[in-house]
Amino acid sequence: MSGRLLNIALPKGRLGERAYALLARAGYPCPAVLEDNRRLTFENEEAGVRYFWVKPADVAVYVEHGATDLGIAGKDILLEHRPDVYELLDLRMGRCRMCVAGPADFIDRPERTLRVATKFPNIARDYYGARGRDIELITLGGSIELAPIVGLSDVIVDIVETGATLRENGLAPLREIAPISARLIANKASFKFCGEAVQELARRVERAVEENEGA
Amino acid sequence: MRAGELKADERAAIELRALYQSYGYAPYKVGRFEEYDLYMRNRAFLPDERILAFSDTDGKLMALKPDVTLSIVKNAREEDGPVKVSYAEHVYRAPRGGGGFREIMQAGVEFLGDVDAYAMGEMLMLAARSLQTISENYQLDVSDMGVVSGVLAGEDIPDEARAELLALIRAKNAHGLCEACRRMGVSEEGARLLRALVTEFGPIGEALPRIERIGLPQACDGALADLRALAALTQVYGLSPRVCLDFSVVNDMGYYTGLIMNGFVEGAPSCVLSGGRYDPLLRRMGRNAQGIGFAVYLDQIERLAGRRTGFDVDVLITCDGDTDPLLLARTAEGLVKGGQSVRVQRGEPGGLIYRRRIHMEGAAGDGEGRA
């Protein structure tokens, strides 16, 4: 299989565009990726890569099932879905925090079941499970900050970037669960059968990340 | 069905059985059901905790087997001496990502007895040749839990922290491992060794000397000696360089010690073989023996066959309501006796690939088939 193009899933959106810029600097350019059209696959035979734009939450699914060899996925997605993949690099971009948030003056009373609203039920369950805290999980698709405001939940578990949305809604981060950033992930079988190409890409991208940090 | 027409997983099951029998592993048959309690008591041994359970006629809670090893261990009688068995059985599991339970064909071998260097080497050889049966382009990753647990033995960290470190090692997540070691108070030396175990891998004959030079603690000596013996045996069996040392192959420490294995074949997106040495399981089940084995997930190889290229049937006989059934029967019989496969039906089915077509309307008429 060595010698074939490496398939890479990029998350649609700003993070994907930044990740592509990093890959291009690392020696894997494919300018067509940034063209404004409806194509979903782009390849540069000379650089040995083929890129796919996919929904951010689906990147890990593509990689785990071997549809792509590599992908750029947020740590939040990896923590929530725990795909069986290799996590090769922290790209140190798209940084934010997975937090418990709620009213700034919120006091957790252990004698009461804590109502937790979130888009990340596995992360919330793991976090409170490890602390032996009894919770009622309320899974929402979006606008999580609304839940404590209207009394749907006591707290939320969500991504906090600057905290501005929380502040504007009278909420505050209460506990940090995990730092979040974009990660380079690899399919385990691809790592075996395209090992040299995958490892070379990881090495070059790591150098590009370090140059980014130094700039 | 002729041998050439077998599906990839069916062909593999037959060839694997022959391979295992050639080394004296007797075929073993287990029922589809087992008491639910067996799995509840050994949940961490299973790859997934979800189990398809139902009540038997006497109210006892039963399960459709998610695993074969536990049943073999449970049924083994110590007075019968060492057990060497092979199986090809359906198990019932819920794959990751949802979609409900699936019936999965699994083949494997188990050895219960004194697991010495020969027994480990034979198991590794059978695992490698099982993969080779599926594809010439395969890789068998091996590790020894004794190395990682030897490094962790010197660290004063709770069980949950060990589980988190194992998950990071399994994901080859070197950056996460460094961060977790700092957070958990793992010593600098411990963190350095764990990172080296994640980043050093390769054919066992090349990677093992590198690993031996990183300065592992004395607690790892037994595991390293076992790995050296295995590396020598891979030479005898002619398996180099497809057997690779990779310490990211880790499993639950409560059930596995010593050698563990994960096998991959080109074209399958995830591991198609897994196994290892499970002495703690035997102790938990009150058996005074050691155990080692592996399973091959035949559902994974179903898709490896690629696009269909052969014929579904040699001769398609189409007819209408007036066709003489005696004439149809004589024609079909003649063709089958002549070594050809035949399908008789009214009209032409979509998607069927046949070598030749015969259309019969009362009296026989001939037409060209399509390929």
Side-chain angles (χ1 to χ4, degrees), chain A residues 1-2 4 7 57-58 60-69 71 73 75 78-92 122 126-127 129-132 176 178-196 198-199 202-203 205-206 209-210 213, chain B residues 47-48 95-99 131 134-141 158-161 163-164 167-180 182-183 198-203 207 241-244 246 248-250 262-274 300-301 303-304:
Chain A
M1 192 185 273
S2 57
R4 71 162 173 82
N7 294 317
D58 292 341
V61 178
Y62 278 77
V63 176
E64 184 178 17
H65 288 80
T68 63
D69 304 301
K75 183 67 179 176
L78 303 179
L79 288 172
E80 177 62 21
H81 299 291
R82 296 179 212 130
D84 188 19
V85 296
Y86 291 139
E87 185 185 320
L88 301 179
L89 279 181
D90 180 352
L91 301 184
R92 301 182 213 165
N122 291 326
D126 284 354
Y127 177 74
R131 284 153 186 78
E176 180 177 319
I180 304 295
S181 55
R183 311 295 165 103
L184 175 69
I185 59 172
N187 173 269
K188 288 193 169 181
S190 299
F191 196 86
K192 317 292 167 196
F193 299 108
C194 310
E196 279 180 29
V198 168
Q199 288 170 61
R203 274 192 295 271
V205 172
E206 187 172 23
V209 170
E210 281 160 8
E213 294 274 299
Chain B
D48 188 287
R96 288 170 52 81
L131 295 170
I134 299 164
S135 167
E136 284 295 326
N137 198 6
Y138 72 89
Q139 184 171 317
L140 180 66
D141 287 346
D159 287 349
E160 308 86 71
E164 186 182 337
L168 292 165
I169 292 170
R170 189 178 293 119
K172 285 194 189 292
N173 185 345
H175 52 278
L177 196 59
C178 292
E179 185 277 320
R182 267 198 304 275
R183 175 163 41 85
V198 167
T199 51
E200 283 291 349
F201 49 85
R242 299 209 173 263
V243 176
C244 292
D246 188 335
S248 74
V249 182
V250 289
N262 274 354
F264 295 82
V265 292
E266 187 176 2
S270 53
C271 132
V272 299
L273 178 151
S274 73
Q300 288 279 340
I301 67 170
R303 291 188 214 124
L304 294 182

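Computed from a prediction, not measured in an experiment: that's the story for all the values here.
Applying the salt bridge (charged side-chain N to carboxylate O under 4.0 Å, His left out) criterion to R183(B), with sequence neighbours excluded, gives E164(B), E179(B). Residues satisfying the side chain to side chain donor-acceptor pair (under 3.5 Å) test with E176(A), not counting sequence neighbours, are none.
In this structure, chain A has no heavy atom under 4.5 Å from any part of E160(B). For a residue to count as touching a neighbouring chain, one of its non-hydrogen atoms must lie under 4.5 Å from one of that chain's; by this rule A167(B) does not touch chain A. For a residue to count as touching a neighbouring chain, one of its non-hydrogen atoms must lie under 4.5 Å from one of that chain's; by this rule P179(A) does not touch chain B. Using a 4.5 Å cut-off between heavy atoms, V198(B) does not touch chain A at all. Residue Y138(B) touches chain A through its backbone alone, counting heavy-atom pairs closer than 4.5 Å.
Listed here is the closest heavy atom pair of K188(A) and F264(B): CB-CE2, 3.9 Å. Smallest separation of non-hydrogen atoms from P269(B) and N187(A): O-ND2, 3.0 Å. Between F191(A) and K172(B), the shortest heavy-atom contact is CE2-CE, 3.6 Å.
Interface remark: of the candidates Q199(A), H81(A), E64(A), E64(A) forms the most heavy-atom pairs closer than 4.5 Å to chain B.
The NE2 atom of H175(B) sits 7.0 Å away from atom CG of L89(A), with the distance rounded to the nearest 0.5 Å. Atom CD of E87(A) sits about 11.0 Å away from atom CG of L177(B), to the nearest 0.5 Å.
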Q: Please lay out, stage by stage, how K192(A) and D246(B) fare under the test salt bridge (charged side-chain N to carboxylate O under 4.0 Å, His left out).
A: CA-CA 11 Å; K192(A) 317 292 167 196; D246(B) 188 335; 3.5 Å; yes

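No more than 12 heavy atoms of other residues, nucleotides or ligands lie within 6.0 Å of OH in Y62(A), so this atom counts as exposed by the packing criterion.
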